[in-house]
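Right, one structure below, let's go through it.
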Amino acid sequence: MNFDHETTKLDFVKHRNKFFIFSGGLLLLGIILLATIGLNLGIDFRSGTTIDVLTEESATAEEIRSEFESIGLVPDDITLAGDQNEIGRAAFIGALNQEETLEIQRHFEEVYGNTPTVSTVTPIVGEELARNAIISVLIASIGIIIYVTIRFEFLYGISAIVALFHDALFILVVFSILQVEVNIPFIAAVLTIVGYSINDTIVTFDRIRENIKYEKRIKGFDDVARVVNKSLVQTLARSINTVLTVVFAAGALFIFGGEALRAFSLALVIGLVAGTYSSLFIAAQLWLVLKSKQLEKRKNRPVPNEA
Amino acid sequence: MKKKRGVRKGLIFSFFVIVAALGALIASNVLDHAEDISLGLDLQGGFEVLYEVHPIDGEQEITRDLLTDTVASLNARINVLGVSEPNVRIEGEDRIRVQLAGVSDQQTARELLSTQARLSFRDTDDNVMLDGSDLVEGGARQSFSETNQPIVTVTVRDANLFGDVTREIKDRPDNRLAIWLDWEEGDNFYDEIIKEDSKIVSAPTVHEVLPYRDIMITGNFTIESAQQLAGILNAGALPVELEEIYSNSVGASLGERAMEQAIFAGFIGIALIFAYMLFYYRFMGMIAVITLTAYIYIVLVIFNWMNAVLTLPGIAALILGVGMAVDANIITYERIKDELRSGKSTMSAFRAGGRRSLSTILDANITTILAAAVLFYFGTSAVQGFAVMLIVSILTSFLTAVFGTRLLLGLWVNSRVLNGKPRMFGVKESEIGEL
């Protein structure tokens, strides 16, 4: 791949409104979905019931699951505990009613000769972790804006943060549409995307900043647009290669990493692609719009010396 | 025209020496390091409890200091259990989270953690005869009785103290001395003594005055449980009451095969990245493969050295770190290619490319580290673990991808072997413009 900005006819800037509309529409739809259907929250974020079943010897998750299914209940999660995996812990989202609880106790008493312990759990841990992650990302965003304002300028900072939230929201929306179950590892995936999004956006901005310096006069929209387009074409090979390599890593995890990591690696793959998309088509274009507005204002400002 | 100078073979020789040394180092101990990595609860299984802290009496106020003291005594107790990598943290205003990866006997662990370890000697009417303040700190130990039963021995400050207590008790109609663990207001001797899981460790009958400093507590001990009681008595009483509000005692939450599968997937992912880099960047791709290998190895070593626990969020951060290390390579190589295309010589393209890419990589990495630092400072548990791993990854990737690449590629470029061979960098002659 070679994208020479002199010869390549790629014009990112021309289509910016389509990208804004696409992303805006998707996010709007997503917010509606999030507000109505919401995310398919897993046991980490919902209160529920756990049932500890003591089996006679080591059990497998499948065995416990089929025992529950034989009485018409489907556990949301099963983990094994105990030295020989002799305890099966089944988790149900939501509270079980009296009848179900009795049925479970009777059934497992028959099968294993032990009465299972039933306890209710509250999603304190998951909720606090999610809240904590959100607050931390908000504070980090302020830090990023400050750093970028010092090293670049304020408008770059704003655009980078918009792209960052675009990407984080993007994954939430996709997960809301697909209704994939969301548990604590999902938070780690979103944080990873946030990190990648910043990294990717800054690399693109760095090239814009450099090219702006070479320009003799930046008067208005057309000049800025030319620089932005040139910078995007110049960094395109890098953007594609980088996203390809990280998608290799996340994709391998998605395909070969097993069932347990599937939701997590899916979030990574989607987020990484979204991160690259937003750097090219949202962050840079948004900066272009903000920057040309700023130039416009300066031009229109009455200058007393000129008459 | 520049005079064509000879090839400096010495530099190429040093390149191979460095690569061979690195290879030997990695081959010699990478497996040891990989095996030493402690896996977190999600990957290995273990036990997690979230406690809410309550004051022991009405006047006590839950302060940060009090919580810190509680964490310190919890840590001392976990040492009694012999768990490495305990993770005890204060959360919110009044919560403490204890994570013990790989603990098998969770019930004992739980009891050991939440008992307040307030030992008291009471008569059968529940009046205090002696309590913790009369005992020598750190004076508890496990020993054996005359009949070779495991017992716990505690030491009182003054021999007269125990002498006085036994003198008072021995002539009573019910001359038993109850030794309580965690007596609470409302507890009653006659109710408690018949319970199966009693708070009364033992209630020996006193027949004579015992003016000794060492008090032997005979209970229903095994050697292990006697050692543990002595251990927690020495670790000190908890300054607060702990109420368990959440506990998670699990086998690996991601399932037993999850780790093997994740490692397999990781190898495939890395192999794909290496193949792509070699295909796309040719000679420079080989340098990238070497520096990326070094990166993975160094992260592993630092991780072990920090005694950190690897969890799923840690793996996520590692993937991001690999991505950023590859990215730093790609940014540098693309720059060098740009410079080559603009007609510069190999050597000056290498220098200009390196210089210009550095500021890009620096800004991108600093911004991400800044975000990671904020996540670490304000985050809790999983968020913090992610942040630590990310910071380690970024610093290492910067080291290997910037300095490693410069060093290794520099040796080749400065040897002049690559002069006039842009194809080795993945640049076609037809793309090279006039300077």
Side-chain angles (χ1 to χ4, degrees), chain A residues 2 4 61 79-81 83 85 89 121-122 124-125 128-129 132-133 135-137 139-140 143-144 147-148 151-152 184-185 187-189 191-192 194-196 198-199 202-203 206-207 210 234-235 237-238 241-242 244-246 248-253 255-261 264 268 272, chain B residues 42 45 50 91-92 104-106 245-246 249-251 253-255 257-258 261-262 264-266 268-270 272-273 276-277 280 312-313 316-317 319-320 322-324 326-327 330-331 334 338 341 356 359-360 363-368 370-372 374-375 378-383 386 390 431:
Chain A
N2 172 26
D4 189 346
T79 44
L80 296 174
D83 287 341
N85 282 344
R89 168 169 289 197
V121 288
T122 48
I124 296 173
V125 176
E128 282 185 0
L129 192 65
N132 186 266
I135 293 170
S136 304
V137 168
I139 298 170
I144 292 166
Y147 179 77
V148 174
R151 286 283 297 167
F152 294 74
I184 283 177
I187 295 178
L191 292 179
T192 309
V194 166
Y196 179 79
I198 300 163
N199 183 62
I202 295 297
V203 172
D206 182 74
R207 189 58 81 103
E210 188 187 315
Q234 281 176 346
T235 51
R238 173 261 154 198
N241 284 348
T242 298
L244 270 181
T245 52
V246 285
F248 285 155
L253 210 56
I255 297 168
F256 304 107
E259 198 52 49
L261 294 179
F264 169 76
L268 279 184
L272 292 172
Chain B
D42 48 354
L50 187 63
E91 289 191 0
S104 46
D105 188 357
Q106 285 151 9
I245 51 172
Y246 171 94
S249 60
V250 287
S253 53
L254 296 174
R257 288 186 55 226
Q261 284 175 322
F264 175 68
I268 289 185
I270 288 168
L272 281 172
I273 292 175
Y276 187 79
M277 291 299 279
Y280 195 84
L312 190 66
I319 293 175
L320 182 56
V322 172
M324 289 182 65
V326 177
D327 190 40
I330 289 177
I331 290 171
E334 284 297 329
D338 279 352
R341 283 194 198 107
R356 292 178 138 191
S359 94
T360 311
D363 270 329
N365 282 6
I366 290 178
T367 318
T368 316
L370 186 83
V374 173
L375 289 182
F378 293 99
T380 55
S381 57
V383 177
F386 172 83
L390 187 55
E431 292 169 2

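By convention in this document, chain letters (A, B, ...) are assigned in the order of the sequence lines, proteins followed by strands, and residues within each chain are numbered from 1.
Heavy-atom distances place no part of B:V322 under 4.5 Å from chain A, backbone and side chain included. Contacts of A:V137 with chain B are made by both backbone and side-chain atoms, with heavy-atom separations under 4.5 Å. Within the 4.5 angstrom heavy-atom criterion, no atom of B:I270 approaches chain A. Using a 4.5 Å cut-off between heavy atoms, A:I139 contacts chain B through both its backbone and its side chain.
Taken from OG1 in B:T367 to CD1 in A:I198, the straight-line distance is 7.5 Å, to the nearest 0.5 Å. One distance of note links CD1 of B:I366 with CD1 of A:I202; it measures 10.5 Å at 0.5 Å rounding. Atoms CZ and CG, on A:R238 and B:D338 in that order, are 13.0 Å from each other to the nearest 0.5 Å.
Between B:I268 and A:A252, the shortest heavy-atom distance links the atoms CG2-CB, 4.1 Å. Of all the heavy atoms in A:S136 and B:L375, the pair that sits closest is CB-CD2, 3.4 Å. For the residue pair A:I144 and B:A371, the shortest heavy atom distance occurs at CD1-CB, 4.1 Å. In terms of heavy-atom proximity, B:Y280 sits nearest to A:N241 at CE2-ND2, 3.0 Å. The shortest heavy-atom contact between B:I273 and A:A249 is CD1-CB, 4.2 Å.
A:Y147 meets the ring pair (Phe, Tyr, Trp, His ring centres under 6.0 Å) test with no other residue; sequence neighbours excluded. For A:R151, the side chain to side chain donor-acceptor pair (under 3.5 Å) criterion is met by B:D363, not counting sequence neighbours.
In terms of non-hydrogen atom pairs under 4.5 Å with chain B, the most contact-rich of A:T245, A:L253, A:N199 is A:N199. Annotation: maximal heavy-atom pairing with chain B below 4.5 Å, among A:A189, A:A133, A:G143, A:A188, occurs at A:A188. With chain A as the partner, the residue from B:V374, B:V326, B:D327 showing the most heavy-atom pairs under 4.5 Å is B:D327.
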### Message
Determine whether B:M324 and A:V246 satisfy the following criterion, side chain to side chain contact (heavy atoms under 4.5 Å, CB included), listing intermediate values before the conclusion.
### Response
CA-CA 9 Å; B:M324 289 182 65; A:V246 285; over 6 Å; no
